[in-house]
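Below is one structure, written out as structure tokens; comments come after it.
Each residue takes its place number in the sequence, starting with 1.
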Amino acid sequence: MTAKISYADVEVGTELPAQTFPVTRATLVQYAGASGDFNPIHWNERFAKEVGLPDVIAHGMFTMAQAVRVVTDWVGDPGAVVEYGVRFTRPVVVPDDDKGAVIEVSGKVAAKLDDNTVRVDLTATSAGQKVLGASRAVVRLA
């Protein structure tokens, strides 16, 4: 696969299509099975509260992965992501109800770099609070 977006067609300030990602307790169980991360803060409400959390929380790496989907969906090739990093600022609290939580992600091209790459800055929120800080991806475009 190769990137579907051309470097020449992108300007600083170009906004990527925003997306929302639902997260339920079932989602967390599926992620735990796939990742091997069975820490009880991600599935046991009693334990999560005993260690000072408000409730069960989503895995940080799950949250990070959902956020970068905005970039990979936009560019059309996950292999085009050259670099990606975040700072975890708040957990995504996932209540035990029919709705769960929602992670809302938007992105914007913040800089055009060398070698057909751009830096995309992402904003990820849940329940109105920023859950990732300094969320940035460097992406090689066509």
In this structure, would Tyr84 and Phe88 fall into the same cluster of hydrophobic residues linked by side-chain contacts under 4.5 Å? yes

Within 6.0 Å of CZ in Arg119, more than 12 heavy atoms from elsewhere: yes

Taking C-beta and beyond as the side chain, do Leu122 and Leu132 meet within less than 4.5 Å on heavy atoms? no

Please answer: with hydrophobic residues joined when any side-chain heavy atoms are less than 4.5 Å apart, are Phe38 and Phe47 in the same cluster? no

Do Leu113 and Val138 have side chains that get closer than 4.5 Å, going by heavy atoms? yes

Would you give the length of the straight line joining atom OG of Ser126 to atom CD of Gln66, rounded to the nearest 0.5 angstrom? 11.5 Å

By ring pair (Phe, Tyr, Trp, His ring centres under 6.0 Å), Tyr31 pairs with (sequence neighbours left out) His59, Phe62

Cluster overlap Ile57 with Met64, hydrophobic side-chain contacts below 4.5 Å: no

Would you mind listing every salt bridge (Lys or Arg N to Asp or Glu O under 4.0 Å) that reaches into residues 28-50, with sequence neighbours excluded? Arg25-Glu45, Glu45-Lys49, Arg46-Glu50

Side chain proximity check, Thr72 to Asp77, heavy atoms < 4.5 angstrom: no

Are Val23 and Trp43 grouped together when hydrophobic residues (ILVMFWY) are joined by side-chain heavy atoms under 4.5 angstrom apart? no

Could you check whether any side-chain N or O of Thr89 sits under 3.5 Å from a backbone N or O of Val131, counting only pairs where one atom can act as donor and the other as acceptor? yes

Of all heavy-atom pairs linking Ala48 and Asp55, the shortest is CB-O, 3.5 Å

In sequence, state the C-alpha distance, the side-chain angles, and the governing distance for Val92 and Phe21, and then conclude on side-chain contact (heavy atoms from CB on, under 4.5 Å). CA-CA 12 Å; Val92 174; Phe21 303 100; over 6 Å; no

Would you mind reporting whether Leu16 and Val71 have side-chain heavy atoms less than 4.5 Å apart? yes

Does some side-chain heavy atom of Trp74 sit less than 4.5 Å from a side-chain heavy atom of Ile5? yes

Contact between Leu141 and Val10 at the side-chain level, heavy atoms closer than 4.5 Å - yes or no? yes

Side chains of Lys4 and Val75, heavy atoms from C-beta outward: is any pair under 4.5 Å? no

Show your working on side-chain contact (heavy atoms from CB on, under 4.5 Å) between Val105 and Arg69 and close with a plain yes or no. CA-CA 9 Å; Val105 185; Arg69 285 178 57 189; over 6 Å; no

Would a hydrophobic clustering, with Ile, Leu, Val, Met, Phe, Trp and Tyr connected at side-chain separations under 4.5 Å, put Val118 with Val12? no

Show the nearest heavy-atom pair for residues Ala142 and Ala3, with the distance to one decimal. CB-O, 3.5 Å

4.5 Å side-chain heavy-atom contact, Val94 and Leu28: yes

Under the criterion side-chain contact (heavy atoms from CB on, under 4.5 Å), I'd like the reasoning laid out for Val56 against Asn44: C-alpha separation, chi angles, the key distance, then a yes or no. CA-CA 6 Å; Val56 165; Asn44 184 315; 5.7 Å; no

Sequence neighbours left out, what pairs pass side-chain hydrogen bond (donor to acceptor under 3.5 Å, both in side chains) with at least one residue falling in residues 96-114? Glu104-Thr125

Take Thr117 and Val139 through the side-chain contact (heavy atoms from CB on, under 4.5 Å) test and state the conclusion after the steps. CA-CA 5 Å; Thr117 59; Val139 185; over 6 Å; no

